[in-house]
Amino acid sequence: MEMELQALPQPLLLAFFFLLALKFLLKSRRSDSNLSQVLSPEPPLPPGPWRLPLVGHLHHLVGKPTHCLLGDLAAVHGPVMLLKVGQVDVVVVSSRAAAEAVIKTHDVNCSNRPDVAVARIVAYDCTDIAFSSYGPFWRQMKKVCIVEMLSARRVKSFAAVRERNILDLMTNMPTGSPVNISEKLMTLSSNIITESSVGKKYDGFLPVVREVTKTITGFSIVDSFPSWKFLDVLTGTTSRFWRIRRRLDKIMNEIIKLHQAEKKSNPAEEDLMDVLLRIKEQGDLEIPITFDNIKACILDMFLGGTDTTATTLEWAMSELMRNPEVMKKAQIEVRETLKGKARVEDGDVEKLSYLKMVIKETLRLHTPIPLLPRAAKQSCEVMGFKIPEGSRVVINAWAMGRDPAYWEDPESFWPERFAGSETDYKGTYLEYVPFGSGRRICPGYQFAMATMELALAQMLLCFDWELPGGMRPEELNMEEKFGATASRKLALWLIATPRFPPPA
Ligand code: HEM
């Protein structure tokens, strides 16, 4: 062997050693990677139901509201489940431990929202709060909206707006014949948001905002097949979104112009639009804002606050009608606390502990945003499963709110379960997250609670309520509508009998 090697010409000898070294290197690297795979193997993808070519699991998502279907599937496939919705990976999380991994352990990685066409167009290229990417711009805009409209201090400052609108509802409530309560509550909720964010009602504004809400909370096939551009041409999806955006933009521009023309000298009288315009003009924000950013944030107040608040109130009234003994207890509390007063004020609400539990229980059973939408920036591991990079992560808040592992007799409406409980609205206990949790938590929960508590207390104080046509409580239809907000499928109609002369 030695001879043979010496006999080889010098360059060939060098090449031989080079190849030998290379072979050794590659071998050792291969065995290194085999070793590291054995030591820390890549986690498997989460399980899921059977799927079809092309459409993936889409066929599993028909027939019932999505959160209910996902809850049923999770009962079979587990608390971390992977669905292929068209071309998109969707990871569904349905337990406290799995939600904790997403919201707490991988908080920064999972703090983005899914990329959807409607938000890119209608929410001004995602420059609002709800759809903007996690980062300095999102942080700045969320802080501004909290400080200027949604903080406890600001919410208190809107007491007169709430009281005036609730009083208006009470004095104009038709009595003795069936009234569409769902519609009345939607009007109440949007009037309060309108006055606090843009000051007064503008012709044509609310209908456009309602259309945007429907578009944003609806399902768009285009988002499930992002590489099939022809679907957009066939369905006309983005051109429809652009038509809505142009209508919205026109009316937003008018509102801005009117605010600029009627500048308020007293900051206490400013609405959110006034504040945002002033801040823009002063130019001392870390990231300068544009008119489009202002429009996007104003839109968010409507998208985030209107349907959610109205839906909670409509479900609270539905559950009270289904459970007359709970209604009686809540009415006794309100009427005894108010001691003959006909008008509830912010200060009275603090004493209504049972009414607060009624709202808490409503938010558990009828979580208005049942699926918390997140996106994983990079791949990560949740409960031993790999969450693929770029996948959508959906936390099923509704399913956790009804899971017998966390709640006794979960399907019953039983407000007393919260007596002495530490469960809060800050997402501390992940089996109860009606306002979400973590960095993306709802900034409007104090604003919403103030409206809901006052409105419900006033409704129970002023009127006795009856189902129309002699309907028995157990006959009231409690089905949910399909959509991102879990509202009633059928509007709630009730008959109001005044208990007091309408409050003056
Ligand atoms: C009962 C009433 C309400 C409910 C149940 C509710 C629920 C939620 C939920 C579940 C989220 C997502 C949280 C997450 O991903 O962790 C959210 C986000 C948001 N909500 Fe609310 N909300 C309500 C009222 C309001 C109100 C009154 C406003 C404003 C006026 C508002 C503005 C927002 C905004 C701007 C976001 C986006 C936050 C972000 O992405 O950082 N919400 N809300």
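In each ligand, atom 1 is the first atom listed, and ligand 1 is the first ligand listed.
- The shortest side-chain heavy-atom distance between L363 and W315 does not fall under the 4.5 Å cut-off.
- Among the atoms of T309, none of the N or O lies under 3.5 angstrom from an N or O of ligand 1.
- Counted by atom type alone, Y134 and R439 present one or more donor-acceptor pairs between their side chains at under 3.5 Å.
- Among P443, G444, S196, A397, the residue whose heavy atom lies closest to atom 19 (C) of ligand 1 is P443.
- One finds a salt bridge joining R210 and D307 here, because a Lys/Arg side-chain nitrogen approaches an Asp/Glu carboxylate oxygen to under 4.0 Å.
- Of the protein's non-hydrogen atoms, F435 CD2, 3.6 Å is the one closest to atom 6 (C) of ligand 1.
- Atom 16 (O) of ligand 1 has as its closest protein heavy atom R374 NH2, 2.5 Å.
- Contacts between L372 and ligand 1, counted as non-hydrogen atom pairs separated by less than 4.0 Å, involve the side chain only.
- The contact set between ligand 1 and I193, taken as ligand atoms under 4.0 Å from a residue heavy atom, comprises 30 (C).
- Across S111, C297, S437, G304, heavy-atom proximity to atom 24 (C) of ligand 1 is greatest for G304.
- Between F158 and F447, the closest side-chain pair of non-hydrogen atoms falls below 4.5 Å.
- The P434 neighbourhood of ligand 1 comprises atoms 5 (C), 7 (C), 10 (C), with distances under 4.0 Å to a heavy atom of that residue.
- E281 and K263 are joined by a salt bridge, as a carboxylate oxygen and a charged side-chain nitrogen come within less than 4.0 angstrom of each other.
- When L299, L303, L150, T367 are checked for heavy-atom proximity to atom 30 (C) of ligand 1, L150 turns out nearest.
- Shown in contact with G436 at under 4.0 Å from a heavy atom are these atoms of ligand 1, numbered in order with element: 10 (C), 13 (C), 14 (C), 16 (O).
- Within the listing of ligand 1, atoms 5 (C) sit less than 4.0 angstrom from a heavy atom of P368.
- Of the residues R164, R162, K201, the one that meets the side-chain hydrogen bond (donor to acceptor under 3.5 Å, both in side chains) test with E195 is R164.
- Donor-acceptor pairing under 3.5 Å is lacking for the side chains of N191 and T194.
- Close approach of ligand 1 to I369 is summarised as follows: ligand atoms under 4.0 Å from at least one heavy atom of the residue are 7 (C), 8 (C), 9 (C), 10 (C).
- Listed by number with element, the atoms of ligand 1 under 4.0 Å from a non-hydrogen atom of M452 are 1 (C).
- Ion pair K214/E211 not flagged as a salt bridge, since none of the NZ, NE, NH1 or NH2 atoms sits closer than 4.0 Å to an Asp/Glu carboxylate oxygen.
- Residue-level proximity to ligand 1 for W138 is carried by the side chain, the only part with a heavy atom below 4.0 angstrom.
- In terms of protein heavy atoms, atom 15 (O) of ligand 1 is closest to R113 NH1, 2.9 Å.
- Classified by interplanar angle (parallel below 30°, tilted 30° to 60°, perpendicular above 60°), the ring pair F435/Y445 is tilted.
- Considering only non-hydrogen protein atoms, atom 13 (C) of ligand 1 sits nearest to R440 O, 3.1 Å.
- Proximity of T312 to ligand 1, defined as any heavy-atom pair under 4.0 Å, is confined to the side chain (atoms from C-beta onward).
- In this structure, Y202 and F205 have perpendicular ring planes: the angle between them is above 60°, well past the 30° mark.
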Worked verdict on M478 versus F413 for side-chain contact (heavy atoms from CB on, under 4.5 Å): CA-CA 12 Å; M478 299 292 271; F413 187 77; over 6 Å; no
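- Checked for salt-bridge contact, R417 and D409 miss the test: no charged N lies under 4.0 Å from a carboxylate O.
- Within the 4.0 Å heavy-atom criterion, neither part of T451 lies near ligand 1.
- Nearest non-hydrogen protein atom to atom 23 (C) of ligand 1 is T308 OG1, 3.4 Å.
- Of the charged side-chain nitrogens involved, at least one lies within less than 4.0 Å of a carboxylate oxygen, so that D249 and K295 count as a salt-bridged pair.
- Of all protein heavy atoms, the one closest to atom 27 (C) of ligand 1 is G305 CA, 3.5 Å.
- Distances from atom 41 (O) of ligand 1 to the heavy atoms of R439, M449, K142 show the closest one on K142.
- In terms of protein heavy-atom proximity, atom 22 (N) of ligand 1 is closest to C442 SG, 3.1 Å.
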